[in-house]
Amino acid sequence: MFEKLQLPVLRKTPTGQPSTAEDVLEELAASYELPRTVLDYRTLAKLKSTYTDKLPQQINSKTGRVHTSYHQAVAQTGRLSSSDPNLQNIPIRRAEGRRIRQAFIAAPGHVLMAADYSQIELRIMAHLSNDAGLLSAFAADLDVHCATAAEVFGVAVDAVSADQRRLAKTINFGLIYGMSPFGLARQLGIDRGAAQKYVDVYFARYPGVKRFMDDTRMQARANGFVETVYGRRLYLPDIRASNQQLRQAAERSAINAPMQGTAADIIKRAMIGVDAWCRLENFPARVVMQVHDELVLEVREDATDKVAAGIREQMAGAAELKVPLRIHIGVGMNWDEAH
DNA sequence: GGTTCAAGCGCG
DNA sequence: AAAGCGCGCTTGAACC
């Protein structure tokens, strides 16, 4: 009595089951009604189970706050990780999720100050690759995605369209992760040939980046490890694997680790500098969280401006790269407002 | 009662 | 044949 109701299987999971991952359902939603409903449900269920229901249970009764644990020897790249609760994955990208971030508030008479490095990994790529175009884009304090779009599409920086910038941003992030033209095609929903063309044009405009990628793969293979600017090593046991899949995954880690790892080194240096500065100057301010490229401080309201200036100086001075480090600082009564 | 695995998804 | 790095948490199923 029921008709067969089977949505097309667009992808299978590693165990061979039909995938219902977000991007798959997103594509199915163009032709069927159910996937959108499932996606909406999932968004809310995730927020409720992970944050809304859980965080209040994790408030410490003595302090009235949630206290995370940071781990220094977990992430392969030298980042910190955060658990119980994880405060490094509090929602921000969508409005519904941001309501959870709004629950993180400062003590009476205080504000939350969020200070983050802008485009730190791309700046590190400029430093490591010595690419002239990338170095000059950061030296001129350009919007780097606009600068990339201008190069790739051959237009003036201020003539870049929103779509062109979005595409350039995807390319820039893809590069940091070692993405292939195939992955770029999938991400952008364009065909492989078009994606390959973008990559070719990118590397023609930024030859230093191309050289850096190739050199990094070669050195990883020769040494069995890659290093950050400060000498932190990531060993890559699979870099010479005969299994192509394993080897290519190791190559992507080799590309990414110097950038992600150097960023981790720099913010650790900054944390030490910021904390020391606050104590030395006896400022009513303290670092309360770290989220990879961001420090969150709780600052007595009347000290806001002076602390912001000091934090900016400490963070910007945490490394001397071939490009300046830029710091964005926001202030608010809650963590969302501080962005 | 507990653990482990797979799948999915929140963040940088 | 696969195809984008690094994490931690939740649910549901299988199992002890």
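Throughout, protein chains are lettered first and strands after them, A, B, ... in sequence-line order, and every chain is numbered starting at 1.
Residue D116(A) is classed as having no contact, given no heavy-atom separation below 4.0 Å to the nucleic acid. Base contact: Q260(A) has a heavy atom under 4.0 Å from a base atom. Contacts of L47(A) with the nucleic acid, taken as non-hydrogen atoms under 4.0 Å apart, are absent. Using a 4.0 Å heavy-atom distance criterion, R247(A) is classed as making no nucleic acid contact. Residue R79(A) is classed as a base contact, given a heavy-atom separation below 4.0 Å to a base. Across all strands shown, P181(A) has no heavy atoms under 4.0 Å from either base or sugar-phosphate atoms. Residue contacts shown for I176(A) are absent, as no nucleic acid heavy atom lies under 4.0 Å away.
Taking atom CG on L44(A) and atom C1' on dG8(B), their separation rounds to 16 Å, with Å as the unit. Following rounding to the nearest Å, Q244(A) (CD) and dA2(C) (P) show an atom-to-atom distance of 11 Å. In this structure, CG of N172(A) is placed 17 Å from P of dC5(C), rounded to the nearest angstrom. To the nearest angstrom, P of dC5(C) lies 8 Å from CG of N256(A). Residue F182(A) contributes atom CZ, which lies 8 Å from atom C1' of dA2(C) at whole-angstrom precision. Note: CG (D53(A)) to P (dG10(B)) measures 16 Å, nearest angstrom. Between the CD atom of Q290(A) and the P atom of dG8(C) there is a distance of 13 Å, rounded to whole Å. Here the P atom of nucleotide dA14(C) and the CD atom of Q17(A) are 11 Å apart, to the nearest Å.
Remark: R42(A) is in phosphate contact with dC9(B), judged by side-chain N or O atoms under 4.0 Å from OP1 or OP2. The side chain of T50(A) contributes no N or O atom lying less than 4.0 Å from OP1 or OP2 of dG10(B). The side chain of R252(A) places an N or O atom within less than 4.0 Å of a non-bridging phosphate oxygen (OP1 or OP2) of dC5(C). Using a 4.0 Å cut-off, some side-chain N or O of K54(A) falls inside it from OP1 or OP2 of dT10(C). At dG8(B), one or more side-chain N or O atoms of T20(A) fall inside 4.0 Å of OP1 or OP2 (strictly under the cut-off). The side chain of T77(A) places no N or O atom within less than 4.0 Å of a non-bridging phosphate oxygen (OP1 or OP2) of dC7(C).
Comparing dG6(C), dA2(C), dG12(B) by their closest approach to the side chain of I92(A) singles out dG12(B). Distance from the side chain of D293(A) is smallest to dG12(B) among dA7(B), dG12(B), dG8(C). Closest to the R94(A) side chain, of the nucleotides dG10(B), dA7(B), dA3(C), is dG10(B). Each of dC9(B), dG12(B), dG8(B) was ranked by its minimum atom distance to the side chain of Y177(A); first place goes to dG12(B). If you check dA7(B), dG8(C), dC9(B) against the side chain of V74(A), the one that comes closest is dG8(C). Closest approach to the S83(A) side chain among dT11(C), dC9(C), dG10(B) is made by dC9(C) (side chain taken as heavy atoms from C-beta onward). Checked against dG10(B), dG6(C), dG8(B), the side chain of A75(A) finds its nearest nucleotide in dG6(C). The side chain of N86(A) has dG8(C) as its nearest neighbour among dA3(C), dC7(C), dG8(C). When distances run from any side-chain atom of R101(A) to the nucleotides dG8(B), dG6(C), dC11(B), the shortest one goes to dC11(B).
Electrostatic pairing of D214(A) and R217(A) counts as a salt bridge here, judged by a charged N lying under 4.0 Å from a carboxylate O. Contact check on R166(A) versus D163(A) returns a salt bridge, with a Lys/Arg side-chain nitrogen under 4.0 Å from an Asp/Glu carboxylate oxygen. Classification of R11(A) and E27(A) as a salt-bridged pair fails, no side-chain N sitting under 4.0 Å from a carboxylate O.
If you chain together hydrophobic residues whose side chains sit under 4.5 Å apart, I171(A) and I190(A) fall into the same group. I272(A) is not connected to L80(A) by any chain of hydrophobic side-chain contacts under 4.5 Å among Ile, Leu, Val, Met, Phe, Trp and Tyr, and they are in different clusters.
Between Q119(A) and H145(A), some side-chain heavy-atom pair lies under the 4.5 Å cut-off. In this structure, the side chains of I90(A) and I100(A) come closer than 4.5 Å at one or more pairs of heavy atoms.
The partner of dA2(C) is absent, by the rule that a Watson-Crick or G-U pair needs both atom distances under 3.5 Å.
Along DNA chain C, the nucleotide nearest to R192(A) and the one nearest to S253(A) differ in position, and the one closer to the 5' end is contacted by R192(A).
Applying the 3.5 Å distance criterion, the base of dG10(B) shares a donor-acceptor pair with the side chain of N89(A). No hydrogens or angles were tested; on distance alone, nothing pairs the side chain of R93(A) with the base of dG10(B) as donor and acceptor under 3.5 Å.
Separating the C1' atom of dG8(B) from that of dA1(C) is a span of 24 Å, rounded to the nearest Å.
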### Message
What verdict does the side chain to side chain donor-acceptor pair (under 3.5 Å) test give for N334(A) and Q102(A), after you've listed the backbone C-alpha separation in whole Å, the side-chain angles of each residue and the deciding distance to 0.1 Å?
### Response
CA-CA 5 Å; N334(A) 65 59; Q102(A) 289 160 10; 5.6 Å; no

